[in-house]
Each structure stands twice: as C-alpha cells, then as structure tokens.
Amino acid sequence: MSVVVRPLALSDLADLLAVQLACYGEGFVESGEVFARRLASPANCSLVLDRGGRMCAYLAAYRSVRGKVTPLHSDFEAVGEPDTLYLHDMAVLPACAGQGLARALLQPLWAQARAEGLRHSALVSVQGSQAYWQRQGYVLHPPQDAAQQARLASYGEGAVYMARTL
C-alpha cells in the first residue's frame, strides 16, 4: 500500500479531527476553525500521511522561535526571524501505531527545516510522551519567563517544553 506524505490542506480537516479524537480523547481536541486559521498562517508547514488514500497520521507544525510556547487551542503566530521548527501536534491512528509513520512525518520536516536555516525544533510533550520525544533527541527546556510558563500550563499537569538541535 502506498504511503504519501504531503502538506495538510483545508480539505483534510474532517479526517484530521477524526484522527485527533481517536488519539487524544476530547480533552485535547482542537477545533477545525483553529486548524483552518493555522493553515492560513505563513509560518505553517504541517503535513499529513496518507496510506491507501486514507489519512493515518498528521503533524501540525510551524516556524517559530525557541522558547516560545503555543498555547493549546491557539493560532500559529508568525515571527519575523524564525529559528525553530515548532511541532504543535502529531497524531497517528492507534490502528497504525508502531509502523514508523511518525518518523515518516518527522524526517522530511526536519530536513526541510534545516534547508530553510532553522537551527532548532521544539514541542510540548503531553500525555506521557516525554520518553518518545527523548528518543528523538529532544531534551527538557523549561520556559524561563512567566508568560511562556502560563502558555505551557494550558496543556495541563505533566506537560513539558522540549527542544533539540537540528
């Protein structure tokens, strides 16, 4: 079955929301309206992975600066001089877990970010995913200012900000 990694499009939103709900439950589901605004952001570089014509995974990402946290349910904020690929949300359908689909999304996006001159990648780890992200080279990078700490708090208890060098 063919695997296709491609940019996330407005026409993907219904499938994205279904994948999101299957992976996270209602607590972390972000609306189609928020994702539509994110797609319109010039900083957006989100991807989806289709297998056999069906969305199996997505990676919501954008260009940002290291240390800046995007609150849950918020828009992607474009910055003048991005240095960081921010991974806001990655989800793989539970039925497709363990098949390397996450890596199939991460590797091309990391390569694109390096080609664009970005030096870092960052994310907020939630729902016990910290060990996974550590295996991908991310380390804890706690926010230093109160505004970013408040943004991180929007993800709930146990959420941590992590970063890695590209």
Side-chain angles (χ1 to χ4, degrees), residues 1-64 68-78 82 84-113 116 118 121-138 151-164:
M1 204 177 303
S2 68
V3 172
V4 176
V5 175
R6 60 175 177 74
L8 177 64
L10 278 174
S11 59
D12 295 317
L13 290 184
D15 291 336
L16 178 145
L17 294 173
V19 171
Q20 189 181 55
L21 183 60
C23 292
Y24 300 133
E26 293 183 16
F28 283 98
V29 170
E30 296 180 293
S31 73
E33 292 80 16
V34 168
F35 271 98
R37 289 193 306 271
R38 291 173 180 166
L39 288 172
S41 170
N44 176 60
C45 55
S46 301
L47 299 175
V48 297
L49 186 145
D50 289 332
R51 186 167 60 189
R54 177 177 174 227
M55 182 190 293
C56 295
Y58 69 88
L59 175 52
Y62 76 105
R63 296 160 196 91
S64 187
K68 183 176 182 181
V69 178
T70 298
L72 191 62
H73 307 294
S74 295
D75 295 347
F76 291 168
E77 300 169 345
T84 299
L85 171 65
Y86 186 90
L87 308 180
H88 179 71
D89 177 19
M90 183 170 68
V92 177
L93 277 175
C96 300
Q99 300 174 23
L101 301 184
R103 281 297 273 180
L105 287 168
L106 288 167
Q107 289 177 333
L109 204 50
W110 287 333
Q112 175 186 329
E116 293 175 4
L118 302 181
S121 180
L123 55 90
V124 173
S125 170
V126 297
Q127 294 185 319
S129 63
Q130 185 176 338
Y132 172 82
W133 291 112
Q134 286 173 324
R135 289 191 301 274
Q136 308 310 314
Y138 290 81
R151 288 171 164 234
L152 179 60
S154 72
Y155 292 90
E157 191 174 330
V160 294
Y161 185 78
M162 302 178 78
R164 68 167 275 185

Is the shortest heavy-atom distance from the side chain of [X] to the side chain of [Y] under 4.5 Å?
X: D89; Y: F35; result: yes
X: Y58; Y: V92; result: no
X: R51; Y: S2; result: no
X: L123; Y: Y86; result: no
X: V126; Y: V124; result: yes
X: Y155; Y: V69; result: yes
X: L109; Y: L87; result: yes
X: M90; Y: W133; result: yes

Residues in salt bridge (charged side-chain N to carboxylate O under 4.0 Å, His left out) with [X], at least two apart?
X: R6; result: D12, D50
X: R37; result: D75
X: E116; result: R63
X: R164; result: none

Any donor-acceptor N/O pair, T70 side chain to F76 backbone, under 3.5 Å: no

Check: T84 side chain, A122 main-chain N or O, donor-acceptor pair, under 3.5 Å: no

Not counting sequence neighbours, which residues clear side chain to side chain donor-acceptor pair (under 3.5 Å) with N44? List them please. S46

Contacts of type side chain to side chain donor-acceptor pair (under 3.5 Å), residue Q136, not counting sequence neighbours: R103

Which pair of heavy atoms, one from [X] and one from [Y], lies closest together, and at what distance?
X: L39; Y: L10; value: CD1-N, 3.6 Å
X: L101; Y: C96; value: CD1-CB, 3.6 Å
X: S31; Y: L17; value: C-CD2, 4.1 Å

Do you see a donor-acceptor pair shorter than 3.5 Å between the side chains of S129 and S125? yes

Hey, what do you get for [atom1] ([X]) to [atom2] ([Y]), rounding to the nearest 0.5 Å?
X: R151; Y: K68; atom1: CZ; atom2: NZ; answer: 5.5 Å
X: C45; Y: L118; atom1: SG; atom2: CG; answer: 8.0 Å
X: M55; Y: L8; atom1: CE; atom2: CG; answer: 6.0 Å
X: S41; Y: Y62; atom1: OG; atom2: OH; answer: 8.0 Å
X: C23; Y: Q127; atom1: SG; atom2: CD; answer: 9.0 Å

